[in-house]
Amino acid sequence: MNFIKELIYPRRCPVCDDILLPGAGKICKGCRKKPEYVKEPACKKCGKPLRSMEAEYCGDCMEKRHYFREGAALFVYPSVKESIYRFKYEGRQEYGAYYGEQIRVHLSEKLRRWKPEGLIPVPLHKKRQKKRGYNQAAVLARAISLETGIPVYEDFAERVKNTVPQKELDGQARENNLKRAFKIRQNDVKLKTIIIIDDIYTTGSTMDALALECKKAGIETVYCISLAIGRP
């Protein structure tokens, strides 16, 4: 059945975007070594790759207070920049299956240790989601859920402020841009430990803004996972 489905609706390689032959898997054989995975040493707070084994935290995390307990990322951003752009803006939602699989494989130890009760994708403002047609963070969260069995709560949080894209801002402007941007609808399921899911981690301002609102709503422990992360 999957073979027939792949013939009718062929997948595309998340790295080179070529059409994948049925049964070829989720990525071209020649592209498997191209994405750069985050490896140790990495910041013990946000997960950014570090240059020295002696360091425990990146410069950003030594200077800034975060509202999440710990973060992790799958890829180093420059190596998957074009892939994420297509996933985010060009409708390549099928990339999510590959991303979710790789997060299960490479971040399994953290997932076991964190023991999350739910995944919370960073929401898009309704106007932006209507224009794009989907929320890439929600697509990623659903893919992780299929791989791990951790439930997704897509309606847990709402973006009530149509913020300027974070990539257009720096430093303090990022934090100011996200003040009062999110609202928690209702913690009916009484979640205590969650993971916020997003596509890219730069300074952590988005994760922090949503984590703060989650904690106000009664969440005791907030972790975060991003698909890709920049270097310090």
Side-chain angles (χ1 to χ4, degrees), residues 42-47 61 64-74 93 96-97 99-130 132 134-163 166 174-175 177-229:
C43 176
K44 295 185 183 301
K45 189 67 176 180
C46 73
C61 290
K64 181 181 177 182
R65 176 193 177 191
H66 291 296
Y67 292 101
F68 56 85
R69 177 172 290 184
E70 187 180 343
L74 182 63
Q93 296 184 58
Y99 298 150
E101 176 189 74
Q102 294 304 296
I103 284 172
R104 172 184 58 78
V105 171
H106 290 272
L107 299 181
S108 58
E109 184 277 328
K110 289 185 184 293
L111 293 173
R112 284 194 297 270
R113 176 163 55 83
W114 293 350
K115 297 181 174 65
E117 298 167 334
L119 306 175
I120 310 296
V122 172
L124 282 178
H125 189 271
K126 58 185 179 182
K127 288 184 179 179
R128 193 168 297 170
Q129 182 158 338
K130 184 177 180 180
R132 191 174 301 172
Y134 60 97
N135 176 6
Q136 74 281 350
V139 173
L140 179 60
R142 290 196 294 270
I144 297 169
S145 180
L146 283 173
E147 291 284 338
T148 63
I150 304 167
V152 181
Y153 296 93
E154 291 187 42
D155 296 326
F156 185 83
E158 179 184 4
R159 199 173 198 128
V160 293
K161 181 180 173 185
N162 194 11
T163 53
Q166 289 289 89
R174 286 175 175 259
E175 294 182 32
N177 186 45
L178 288 162
K179 285 181 179 178
R180 294 180 293 278
F182 300 109
K183 182 177 80 172
I184 305 305
R185 286 176 171 168
Q186 203 166 347
N187 188 3
D188 290 332
V189 287
K190 306 300 180 187
L191 296 170
K192 295 297 182 183
T193 303
I194 58 103
I195 301 177
I196 296 174
I197 304 295
D198 204 4
D199 55 345
I200 302 168
Y201 182 107
T202 306
T203 65
S205 297
T206 301
M207 295 291 198
D208 277 322
L210 183 51
L212 177 59
E213 295 306 316
C214 286
K215 298 192 89 169
K216 287 179 181 177
I219 302 292
E220 293 177 0
T221 309
V222 179
Y223 296 101
C224 61
I225 285 178
S226 56
L227 183 55
I229 197 165

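Quick note: residue numbers are just sequence positions, from 1.
Ionic pairing of Glu213 and Lys216 is present here: one or more N-O contacts between side-chain nitrogen and carboxylate oxygen are shorter than 4.0 angstrom. With respect to the salt-bridge test (charged N to carboxylate O, under 4.0 angstrom), the residues Arg65 and Asp208 do not qualify. A salt bridge is defined here as a Lys NZ or Arg NE, NH1 or NH2 lying under 4.0 Å from an Asp or Glu carboxylate O, and Glu154 with Arg142 meets this definition. Salt bridge Glu70/Arg113: present, at least one basic N to carboxylate O contact under 4.0 Å.
A side-chain donor-acceptor contact under 3.5 Å links Thr148 to the backbone of Ile144. Proximity of a side-chain donor or acceptor of Arg159 to a complementary backbone N or O of Pro123 within less than 3.5 Å is detected. Looking only at distances, a side-chain donor or acceptor of Asn135 sits under 3.5 Å from a matching main-chain atom of Val122. Glu117 places a side-chain N or O within 3.5 Å of a backbone atom of Lys192 that can act as its donor or acceptor partner. Remark: the backbone N or O of Arg69 is paired with a side-chain donor or acceptor of Lys45 at under 3.5 angstrom. With hydrogens and angles disregarded, a donor-acceptor distance shorter than 3.5 Å links the side chain of Ser145 to the backbone of Ile150.
Between Ile195 atom CD1 and Ser226 atom OG the span is 11.5 Å, to the nearest 0.5 Å. Taking CD1 from Ile196 and OH from Tyr223, the interatomic distance works out to 12.5 Å, rounded to the nearest 0.5 Å. To the nearest 0.5 Å, the span separating CD1 on Ile103 from OG on Ser108 amounts to 12.0 Å. Rounded to the nearest 0.5 angstrom, Glu147 CD and Leu111 CG are separated by 11.0 Å. Rounded to the nearest 0.5 Å, atoms NZ (Lys130) and CZ (Arg132) are 15.5 Å apart. With values rounded to the nearest 0.5 angstrom, His125 atom NE2 is found 11.0 Å from Lys161 atom NZ.
Taking each heavy atom of Gly96 and Ala143 in turn, the nearest pair found is O-CB, 3.1 Å. Closest approach of Ile184 and Ala157 over heavy atoms only: CD1-CB, 3.9 Å. Closest non-hydrogen pair, Val152 versus Ala141, comes out as CG2-O, 3.4 Å. Nearest heavy atoms, Met207 versus Cys224: SD-CB, 3.5 Å. Considering every non-hydrogen atom in both Cys46 and Ile229, the closest pair reads O-CD1, 3.5 Å. The shortest non-hydrogen separation linking Trp114 to Ala72 is CH2-CB, 3.9 Å.
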TODO: Dump the intermediate steps for side-chain contact (heavy atoms from CB on, under 4.5 Å) on Val139 and Tyr134, then the final yes or no.
DONE: CA-CA 8 Å; Val139 173; Tyr134 60 97; 4.0 Å; yes
Start with the C-alpha gap between Ile200 and Leu227, add the side-chain angles, then the distance that decides, and say whether side-chain contact (heavy atoms from CB on, under 4.5 Å) holds.
CA-CA 6 Å; Ile200 302 168; Leu227 183 55; over 6 Å; no
* Asked: Given the rule in the side-chain contact (heavy atoms from CB on, under 4.5 Å) test, do Leu191 and Phe156 qualify, once you have shown the distances and angles that lead to the verdict?
  -> CA-CA 10 Å; Leu191 296 170; Phe156 185 83; 4.2 Å; yes
Residues Ile219, Thr193; criterion side-chain contact (heavy atoms from CB on, under 4.5 Å); working and verdict = CA-CA 6 Å; Ile219 302 292; Thr193 303; over 6 Å; no
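Under the 4.5 Å side-chain criterion, counting only non-hydrogen atoms from C-beta, Ile194 is not in contact with Pro116. When side chains are defined from C-beta on, Ile197 does not count as touching Ile120, because their heavy atoms never get closer than 4.5 Å.
Between Tyr201 and Phe68, the ring-plane angle classifies as perpendicular under the 30° and 60° cut-offs.
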